[in-house]
Amino acid sequence: LPPGDGREPRRLWSHFAAISAIPRMSRHEEAVLTHLKKMADNRSLPWAQDAEGNLVVRAPGRGRGVDAPAVIIQGHVDMVTEKNQATQHDFLADPIALTRRDGGAWLAAGGTTLG
């Protein structure tokens with residue numbers, strides 16, 4: 001996403017664009033995991049990583065949630081490595097080309113099956 005894209009909330013889309021720029025096919029997630037650990041370190045959030053590469057970042061509740069029970073949000077950082085036949089894309093080296101579809105209403109990954 002280019003700066004000044006206008007999507008809200010801006011911080012969320014800024015993080016999304018940064019992560020989209022990091023190649024991360026399955027079994028090659030080191031760069032994105034390093035990015036996430038640096039984000040945690042910059043915010044003084046404790047993190048742990050096991051031998052398989054699973055990463056846990058702990059963030060305390062804020063505002064009315066400061067005393068709430070813990071919430072776990074789980075996801076994966078690798079991506080499906082399928083591209084359209086006519087597309088030249090090296091999933092080990094190339095970032096995802098974020099594009100807009102349907103008059104800008106949808107964000108897609110140009111030339112891949114990701115959207």
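Values in this document were obtained by computation on a predicted structure and should not be read as measured data.
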Seminar exercise, completed: Nearest heavy-atom approach of P60 to L45 is CD-CD2, 3.8 Å
Seminar exercise, completed: Here the gap from L92 atom CG to H28 atom NE2, rounded to the nearest 0.5 Å, amounts to 5.0 Å
Exercise. What distance separates L107 CG from R101 CZ, expressed to the nearest 0.5 Å?
Worked result: 9.5 Å
Exercise. Between R10 and E8, is there a side-chain N and carboxylate O pair less than 4.0 Å apart?
Worked result: yes
Problem set entry | Audit row: R7, L12, side chain to side chain contact (heavy atoms under 4.5 Å, CB included) steps and yes/no | CA-CA 9 Å; R7 292 189 181 270; L12 177 133; over 6 Å; no
Problem set entry | From K83 atom NZ to T112 atom OG1, the distance as rounded to the nearest 0.5 Å | 10.5 Å
For this session: Give a yes or no answer on whether the side chain of E29 reaches the backbone of R27 with a donor-acceptor pair at less than 3.5 Å.
Result: yes
For this session: Identify which one of V56, V57, L33 satisfies the side-chain contact (heavy atoms from CB on, under 4.5 Å) criterion when paired with Q49.
Result: L33
Problem set entry | Minimum heavy-atom distance R24-I19, with the two atoms named | NH1-O, 3.0 Å
Problem set entry | Under 3.5 Å donor-acceptor, D50 side chain and N54 backbone | yes
Problem set entry | CG on L36 to NE2 on H15, rounded to 0.5 Å | 10.5 Å
Problem set entry | Distance-minimising heavy-atom pair for F91 and P23 | O-CB, 3.4 Å
For this session: List the atom of A31, the atom of I22, and the distance in Å for their closest heavy-atom pair.
Result: CB-CG2, 3.7 Å
Exercise. Distance from T113 atom OG1 to M79 atom CE, nearest 0.5 Å?
Worked result: 10.5 Å
Exercise. Taking the side chain as C-beta and beyond, is there a heavy-atom pair between K37 and L55 under 4.5 Å?
Worked result: yes
Exercise. Can you check whether D90's main-chain N or O pairs, donor with acceptor, with D94's side chain at less than 3.5 Å?
Worked result: yes
Problem set entry | Reported OG-to-CD1 distance for the pair S20 and I96, which is rounded to 0.5 angstrom | 7.0 Å
